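Input: a single structure, listed below in structure tokens.
Keep in mind that this is a model prediction, so the values were computed, not measured.
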Amino acid sequence: MDALALIPARGGSKRIANKNVRPLHNHPLIAYTIAAAAQSGVFRRVIVSTESEEIAEIARAYGAEIPFLRPAEYAGDLSADIEWVTHALKKLKDAGDPCEIFSLLRPTSPFRQAETIQRAYQAFVNDGAADSLRAVEKCSEHPAKMWRLSGNRMTPVLKNPDENATPWHSSPYQALPEIYVQNASLEIARVATPLAGRGIAGDQILPFITQGHEGFDINRPEDWVVAEYLLASGQARLPELGAPARIP
């Protein structure tokens, strides 16, 4: 299937300043996602969506395309993915370069490898009927042990449907139903899904269970510390890159 990689990289991140281009092991964070996408051999084009000229220059130096900048109104703290995704897909279609599917690859998952993308792409193609694929992992904090607060009282988010059995919030983790949480590693979807106004995911969503640290996401300062520890201890690895690129 004709596939396109879309890498979102807006400027102005709050919790980690300049997160997408902050150096990690001699390269800007975004470089590892660009490398994994290119090395996978899955995509005809690897495109970065950004409103920042600085990020655009760095992304180009590492081999990505920036055929247009993202409008500022789609690059705010509360901007939904569907806004910039639809903008990018429409711009490409108007330019006479449509494709069948696209993959959303976030720079904050640097341990995602080329083979991660290959496995996900193959799973999506083999399925044939899914609107989209989304990376998930087994949750470490179970929603059955989470609570909603109302004044000075609280109720569990999930209840055991068997009212005569032990409440889930008082049950060991091993006795609870398996629940998976999405991570930021990757998504794959048919281009027709968002362009038809059905969101990015559509209705038929194929799970892609990530392995090891493929889905590790850097969002907070403490995540950066953990990422550096995982690399130093050999528990995680980055896509291979050569010498740092020369930024114009």
Between H27 and Y62, a side-chain donor and acceptor under 3.5 Å =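 Side-chain D/A pair, H27 to Y62: present.
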Any chance the side chains of R112 and T33 put a donor and an acceptor closer than 3.5 Å?
->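 Note: R112 and T33 side chains meet the donor-acceptor criterion.
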Identify, with sequence neighbours excluded, every residue that meets ring-ring contact (aromatic ring centres under 6.0 Å, His included) alongside [X].
X: F111; value: F216
X: Y173; value: H142
X: F124; value: none
X: F68; value: H87

Quick one: [atom1] on [X] to [atom2] on [Y], what's the gap to the nearest 0.5 Å?
X: I117; Y: S103; atom1: CD1; atom2: OG; result: 6.5 Å
X: R198; Y: D203; atom1: CZ; atom2: CG; result: 5.0 Å
X: R190; Y: Q204; atom1: CZ; atom2: CD; result: 11.0 Å
X: I218; Y: R22; atom1: CD1; atom2: CZ; result: 9.0 Å
X: K19; Y: I55; atom1: NZ; atom2: CD1; result: 10.5 Å
X: I58; Y: I30; atom1: CD1; atom2: CD1; result: 8.0 Å

Not counting sequence neighbours, which residues clear salt bridge (Lys or Arg N to Asp or Glu O under 4.0 Å) with R60? List them please.
->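 Once residues adjacent in sequence are excluded, R60 has no partner under the salt bridge (Lys or Arg N to Asp or Glu O under 4.0 Å) criterion.
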Does R106 have any salt bridge (Lys or Arg N to Asp or Glu O under 4.0 Å) partners at least two apart in sequence or in another chain, and if so, which?
->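 With neighbours one apart ignored, the set is D81, E187.
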Residues in side-chain contact (heavy atoms from CB on, under 4.5 Å) with [X], at least two apart?
X: T210; value: A135, E137, N183, S185, F208, E214
X: Q235; value: H213, Y229, L230, S233
X: E228; value: L24, W224
X: S140; value: none

Quick check against the 3.5 Å criterion: does [X] have a side-chain atom that pairs as donor or acceptor with the backbone of [Y]?
X: S40; Y: A114; answer: no
X: D223; Y: N219; answer: yes
X: Y121; Y: F43; answer: no

Within-4.5 Å side-chain heavy-atom neighbours: S132 and I200 |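 S132 vs I200: side chains apart.
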Taking the side chain as every heavy atom from C-beta outward, state whether V46 and I7 have any atom pair closer than 4.5 Å.
->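 Side-chain contact under 4.5 Å: yes.
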Heavy atoms from other residues, nucleotides or ligands near NZ of K145 exceed 12 (cutoff 6.0 Å) =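 Buried by this count: over 12 neighbours within 6.0 Å.
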Exercise: identify the closest heavy-atom pair between [X] and [Y]:
X: R10; Y: T50; answer: CA-OG1, 4.2 Å
X: G215; Y: S109; answer: O-OG, 4.3 Å
X: A64; Y: V48; answer: CB-CG2, 3.7 Å
X: L29; Y: T108; answer: CD2-CA, 4.2 Å

Could you pull out all donor-acceptor pairs under 3.5 Å where a side-chain atom in residues 147-168 meets a protein atom, sequence neighbours excluded?
| from | atom 1 | to | atom 2 | distance (Å) |
| --- | --- | --- | --- | --- |
| N160 | OD1 | D162 | N | 2.9 |
| N160 | ND2 | T166 | O | 3.1 |
| D162 | OD1 | N164 | N | 3.1 |

Quick one: side chains of residues 94-101, donor-acceptor pairs under 3.5 Å with protein atoms, not counting sequence neighbours, listed by atom name and distance.
| from | atom 1 | to | atom 2 | distance (Å) |
| --- | --- | --- | --- | --- |
| D97 | OD1 | R44 | NH1 | 2.9 |
| D97 | OD1 | R44 | NH2 | 2.9 |
| D97 | OD2 | R44 | NH1 | 3.3 |
| D97 | OD2 | R45 | NH1 | 2.5 |
| E100 | OE2 | D2 | N | 3.0 |

Worked check of side-chain contact (heavy atoms from CB on, under 4.5 Å) between L105 and I34 = CA-CA 9 Å; L105 303 170; I34 295 172; over 6 Å; no
